[in-house]
Amino acid sequence: MSTENPNRNFLAQLRHYVAIVLAGGSWSTQLPGVVQSNLRWYSSDGLFASSQDAIVVTYLTIYILALGATTTEIGLMSSLASLVATFLLVPGAIIGERARQRKWVVLSGGGGITRLAILFYALVPFILKGHSAVIAIIALKVIADGAANFSLPAWTALTGEIIPMAWRGRYFGTRNTIIGVATMGITLLAGELITRVGVPMGYQVVFGVAFVLGAVASFSFAHLQEPPDHEPNPAALAAYTPSALIKTLRDDRNFVYFCVSMMLWNLALGIAGPFFSVYMVSRLGATAAIVGLLNIVSSIASLPAQRFFGQLNDRLGARRVMIICGLLIPIMPVSWIFTSSPWHIVPINIGSGILWAGFNLASFNFLLSISTPENRARYSALFQIVVMLTSAIGAALGGFMVTHWGYNIVFILSGAGRFAAILLFWKLVHGEDGNSPVRAAGLPAD
Amino acid sequence: MTSNDPQAQTDASINQLVIVALAEGEAGGLIKTLIQHHYRCTLVNASGGWAGSAEVFVLVGISNEQHNDLLELIGSVCGTHRQFVPARGSFFMPDGLPPLMIEAEIGSAQVYTLAVDRYEAF
């Protein structure tokens, strides 16, 4: 007679299955134990951190709107947060390179200060009332984004060290699927909770939940076993000096044109970006649950699109994919002026989810194709500075324009700016169209 | 027509079996290229469940003379290359800042060549 407990067997199998899934799939069993352990903790960090981000990104704007913020203040929040984050990016890269243990840079910045700020989002209405609460949350958002960006270079470098290059495609494929499902569920539940509990308590509860999710993410990240005593690389440090950054711009005219077109592109995005959810709530009468649901629609659309555009990127080259998606994206903000119900946003967000998945993938891969391994860190830093700085200016301009001219003008200008930027990119920026893997073999690319 | 042209291939000339193991996402491009170059191939899906490795095997029957040409063709389609992949989930915010991306090596393939004693097609 068997004495084995079936429940224990089931739990052991479940634990084994979860361990395999968190490590990225059954292929990971061939890797050393330390690498497998790191992959599991890293997935756990990503799962909880992305769930936290999903709540903050989706609901913070409509939270301060519910507390009485004006559109100018919402634009200002987005603008100041991007501006401070831009200025902290290069110091963060230098500290990340100098630190012997990068994980502590991450845990004190994005894993520490940012998460404490999220807790204070929830507590502010208990301490401050009226306009003071709005100002406090704007200040907290600036601190949170600044700390997150400060630790971003260390996070990226650490990721590169603990996940073998050859396995990253598979690992992130599985990890992103888990995270995608979890963040959609969390967004939906948080929206429903806010709608049922009411304002502002519903928001306070979900930001409290976001803090707990973030704390679990930090706990997971703290378990990563970093390679011992990372030695600072003088060449990497030199890449972030102002003279090196300026020299890069002087030496590569094509990269300068790329940056100029992306400046205009992100300025146009920044004008309208912070106001879509505000428009949904204040003009279309959407509840928090509907705002969450509409964001999920674009996420679902982006999942198959990532795979499709990944293959298209290989066949056509990143530049062409950027142009195809970039010519269609300007239609999206202009479509918003024809909406009169929250459900009219569904087809727009499906289109946005698909096109943005392609554009984001292609823009990063375009950057990869025009840079060399030696100058990639500099190019990436400059690209991020350009994106964030112009987004900051755009958000400030958008706040002013929405207040004085209304939403429709802002949506039209945003669409026109994006169209002009992609035309500029098309005409001025050269790419790697002739060097995609299929073309290199002399095979037809159709 | 040269002897290593796949179109000239007869059942009797097949004396090698080439097995290509590659990630599922890479298979479509390889199959298309093989068909364009008149190779006859069979795809075996070896995916091991949702979290298992999504792996496929492509079986190609060839003659000895075609071996180098086929390897060159496989290498041209499946050679590893670097690509940015999303590193923080796939929660794309329309009109938001770009997601975190990380450089990854994509597109490897393992090729095994086996001798074929006899081949028949019915």
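These numbers come from the heavy atoms of this one structure, side chains and all, not from hydrogens, waters or symmetry mates. Model, not experiment: these values are computed from the prediction. So that the names make sense, note that chain A is the first sequence line, chain B the second, and so on, each numbered from 1.
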Asker: Against chain B, label Trp167(A) side chain, backbone, both or neither, depending on which of its atoms sit under 4.5 Å from a heavy atom there.
Answerer: neither
Asker: Please determine, among Gly46(A), Gly160(A), Ala23(A), Ala166(A), the option with the most heavy-atom pairs under 4.5 Å with chain B.
Answerer: Ala166(A)
Asker: What distance separates Leu361(A) CG from Met101(B) CE, expressed to the nearest 0.5 Å?
Answerer: 4.5 Å
Asker: Over all heavy atoms of both residues, which pair between Met165(A) and Glu103(B) is shortest? Give the atoms and the distance, please.
Answerer: SD-O, 3.6 Å
Asker: Could you check if a side-chain atom of Val85(B) sits within less than 4.5 angstrom of a side-chain atom of Gln306(A), using non-hydrogen atoms only?
Answerer: no
Asker: Give me the atom names and distance for the closest heavy-atom approach of Thr156(A) to Ile102(B).
Answerer: O-CD1, 4.1 Å
Asker: Got a sec: does the CD of Gln30(A) have more than 12 other heavy atoms crowding it under 6.0 Å?
Answerer: yes
Asker: Please classify the contact of Leu152(A) with chain B as side chain, backbone, both or neither, using a heavy-atom distance under 4.5 Å.
Answerer: side chain
Asker: For Ala104(B) and Gly169(A), work out which heavy atoms get closest and say how close.
Answerer: CB-N, 3.8 Å
Asker: Does any heavy atom of chain B fall under 4.5 Å from the side chain of Ala301(A), the backbone, both, or neither of them?
Answerer: neither
